[in-house]
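Contents: one structure, followed by commentary.
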Amino acid sequence: MDYNHKEIESRWQQYWRDHDTYRVTEDASRPKFYVLDMFPYPSGAGLHVGHPLGYIASDIFARYKRQKGFNVLHPMGYDAYGLPAEQYAIQTGQHPEKTTVQNIARYREQLDKIGFSFDWNREIRTCDPEYYKWTQWAFMQMFNHYYDTESGKAEPISKLVEHLRAHGTEGLHAAQSREVNLTAEEWNALSEREQRELLMNWRIAYQAETMVNWCAELGTVLANDEVSEGVSVRGGYPVEQKLMRQWCLRVSAYAQRLLSDLEKVEWSDSLKETQRNWIGRSEGAEMKFPVKDSDIELEIFTTRADTIFGVTFMVLAPESEYVAKLTTPEQKEAVEAYLDEVRHKTERERQMEKKVTGVFSGSYAINPLTGKEIPIWIADYVLAGYGTGAIMAVPAHDSRDYAFARKFGLPVIPLIEGADVSEESFDAKEGIMINSCGPELDLNGLQVKDAIAKTKKFIEEKGLGRVKVNYRLRDAIFSRQRYWGEPFPVYYKDGTAYLLDESALPLQLPEISSYLPTSTGEPPLGRAENWTTPEGYPLELCTMPGFAGSSAYYLRYMDPRNDKDLVSREADEYWRNVDLYVGGAEHATGHLIYSRFWNKFLFDLGKVVEEEPFRKLVNQGMIQGRSNFVYRIKDTNTFVSRSLKDQYQTTPIHVDVNMVSNDVLDLDRFKAWRPEYADAEFILEDGKYLCGYAVEKMSKSMFNVVNPDDIVERYGADTLRLYEMFLGPIEQSKPWDTNGIDGVNRFLRKLWNLFEKADLTSDKPMTPEERKAVHKLIKKVSQDIENFSFNTSVAAFMIAQNELSAMKTTNREVFDIMARLLAPFAPHFAEEIWHRLGHEGSVVDAEWPAWDDSALVEATKKYPVSFNGKMRYTIEMPADASKEEIEAAALAAEGAAKWLDGKQPKKVIVVPNKIVNIVI
RNA sequence: GCAGAAAUGGUGGAAUGGUAGACACGAGGGACUUAAAAUCCCUUGACCCUUACCGGUCGUGUGGGUUCGAGUCCCACUUUCUGUACCA
């Protein structure tokens, strides 16, 4: 019988369902291992072959770990809230939940066909009230806590209120939106409403008027990581800055911990670096510049305190609070005109133009070290959201200040010896200081580094400012003006936000008649009837953003049906955190920051035992599409083959990759594809029509989408799994090319054919050659899986198959081991062999075989032998070893390498005085 | 600009500092077959020598360096991809 993938795969998938093979429960007698995939957003388009890449890799690893004796948690679920379902709802009036449920069913069907070992008993959906109850619960905790900078963790807001009542803000150590100073008397004199308003300054989930990325097309605000180059990541609509009252999460309070704890996790350097840049720690100084003829002090942040003698002007961000205070009557008109201009520029225009613009405020600041007057300007190259929204400009040593100074004719004073600032600024932080001597401070002759330190010390001693660490990481905007998201457990009394009682959770989404904003511009929830508390107080109209539900989902998998807690203490203490997380690198500055923040917050509350959610993280590369083209000769219906196209004037046209095989076009299918091609003519080469190709994103419009269902139908899930792994290193992006798939399919068929002739009743031992081939494979595959190098494991299987076929192996034990090794990669195939060998139970619980190279170890005992990877053993000889000693070692090594009674080693290399290598 | 990763045959890609190109695709040749498909075998980095066998030379983006030995380590450069950007 030939290898029948359809029959085998459907039979074992049914078996796994019937036996609940992948159900996992906590088991203290076995070590745990938690393997997680980033859960998908179930889009209407279904899965294409790129999506399962990471799932297959993690599934292999999960199955391997299970065979190694670990209790493996490997769950799957759906990130079910999202824009596409809502936009579809707006267009069709269909409830987004309905679309979502349909899409999920389709995803599940596709996933099931690939043979994953997910424990579906633990499935979660972010839009399920039993799930989002805990998203809402976490929000309430954040509302009820503040970040204490002294204890370095979140503390109950009641503790802060007590402090305010007794001491005011005196001695208060709390992360805050802005600096507030008040006495206990002042606090106690405030009304409840005023007090609650003020507490927003410290809550971890708080409301604030913030500049938000407003996307008019989508009718909502977007987080910074949802915006790229001035347009929305989803949809590509323009985004502008707008001041709105929004819910925010004080992620910035955790900036230092998010940064430091990166050292605790096993992530790729590039991903860690991306997060470090996103957090953007910079050490500097905050300094106060007095303003001439005024008692206002202008506070700025700088990392280059040493350049204070080169300050020739100051710059305010247009949105800065100082602008109104420092604009003189004479300049008022000019400043207002400028502010108006800036306001009407979108973020995109601001980035595109890169034009140097600005206006003089009319005021002057006094350089505290020289007493000199310096003009204060307003310009949009300074950002309101970073530092204090004001800078001291040192044109000689900052390129942006330099461009500004040149444009407006402001002076440039070089401060570093040898720096030529006639053409451009000298931005490097090195060199010897000049022109830097004032009445109280002399930096001349110092290295930049020392000058920075000396200046910082000086300004701190003189009370001119203080040393300050700034982070680029901003608080996360947590409101979305949409329907399809988690409702906030919040109501308003006289416009002030109050939390619902915990007993009201989950607060479920109401039905509404239309998913558009209301005529008065309120979010869609404004249409809901009776969207109030029982007492009649209005409920919050915004919903939570996409990252709310995805921030703690890995915790919920540990204990998904618990209705008392997000996760029980027992389950959390057993599963702890994710040992291996597989997903795309595009979440580096979004989900992976928010999740870490969310987890740290719960850790502070004592709700979870691990401070970092994801111990090891692997980013799978993107699978791109490989598009095919035909070349139509201008003004004809004639198409010319690839290598002849340059002889004509042609237009390339995308053709559906499913009618192309090895770049050869199926002419009949092409003619049938579209009516206008029915009478198409072709100019062939070698009797074939060869299509051109290009690597592009996989999308419907390029006709390059390859559906995993089609591959499974034609070749089987095991072939798909093996082939996706065989394509190349998992981390690397690569185009999907169905051309090579025959190779791995052939491997399975050949192995099958070999197995069909096996002698299943005999228990004779393996021959030395068989032993060698099989143990070589065990070692290679075991090491490759640990290193996440699946493409080379698949190659190793093919080599073993070739060797065993050449030997015409019929030995039962060979196939017993092969089934175990193949089980993670081709589970259906392995299961079939496993059962035909007469085993009870699933191969997923078959013990992972160990390789045996004891003969070699024994024989080389007298030399320091290192077993470094692969099939190579190295004997390090002392540098002063004599020629005789080396020869003796080489002989011993050679003898040892007749490993497992097999044949001669492939190679023994002896380099005089150094090393003996044995390749087996 | 800054940061990270990468550059190896016609293609995807192998290679603990130790036979570069594993494995696979594609291509070419052959066997089987009425034929096709399927399957099996051989060749397949470039160049040279040879009737053939046997050989030889050059080869991992460019230029240097370390080493008995470099695709791999170090320095500089070029190009590509990814992320990020008036962050003071």
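Convention: sequence-line order gives letters A, B, ...; per-chain numbering from 1.
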Quick one: ring-ring contact (aromatic ring centres under 6.0 Å, His included) partners of A:Phe797, sequence neighbours excluded? A:Phe825
Measuring from the side chain of [X] (C-beta onward, heavy atoms only), which nucleotide among [options] has the closest atom?
{"X": "A:Ser270", "options": "B:rA22, B:rA88, B:rG4", "result": "B:rG4"}
{"X": "A:Asp742", "options": "B:rA88, B:rG26, B:rC23", "result": "B:rG26"}
{"X": "A:Ile391", "options": "B:rC23, B:rC87, B:rA88", "result": "B:rA88"}
{"X": "A:Thr303", "options": "B:rA88, B:rA3, B:rA85", "result": "B:rA88"}
{"X": "A:Thr792", "options": "B:rA15, B:rC86, B:rA88", "result": "B:rA15"}
{"X": "A:Arg746", "options": "B:rG26, B:rA3, B:rA22", "result": "B:rG26"}

Under 4.0 Å, heavy atoms only, any strand: does [X] hit a base, just the sugar-phosphate, or nothing?
{"X": "A:Asp737", "value": "nothing"}
{"X": "A:Asn470", "value": "nothing"}
{"X": "A:Gln732", "value": "sugar-phosphate"}
{"X": "A:Asn277", "value": "sugar-phosphate"}
{"X": "A:Asp427", "value": "nothing"}

Just the rounded figure in Å: distance from [atom2] of [N] to [atom1] of [X].
{"X": "A:Lys780", "N": "B:rU16", "atom1": "NZ", "atom2": "P", "value": "8 Å"}
{"X": "A:Asn739", "N": "B:rU11", "atom1": "CG", "atom2": "P", "value": "14 Å"}
{"X": "A:Phe747", "N": "B:rC40", "atom1": "CZ", "atom2": "P", "value": "14 Å"}

Distance criterion of 3.5 Å, no angle test: do you see the side chain of A:Arg474 paired donor-to-acceptor with the base of B:rC87? yes
Respond yes when some side-chain nitrogen or oxygen of A:Arg749 is under 4.0 Å from OP1 or OP2 of B:rU39, and no when none is. yes
Distance check: side-chain N/O of A:Tyr386 vs OP1/OP2 of B:rA88, anything under 4.0 Å? yes
List the steps and the verdict of side-chain hydrogen bond (donor to acceptor under 3.5 Å, both in side chains) for A:Tyr715 and A:Thr738. CA-CA 11 Å; A:Tyr715 297 98; A:Thr738 310; over 6 Å; no
Does A:Met287 offer a backbone N or O that forms a donor-acceptor pair with the side chain of A:Lys468 under 3.5 Å? no
Expressed as a whole number of Å, how far does the C1' atom of B:rG18 sit from that of B:rG69? 7 Å
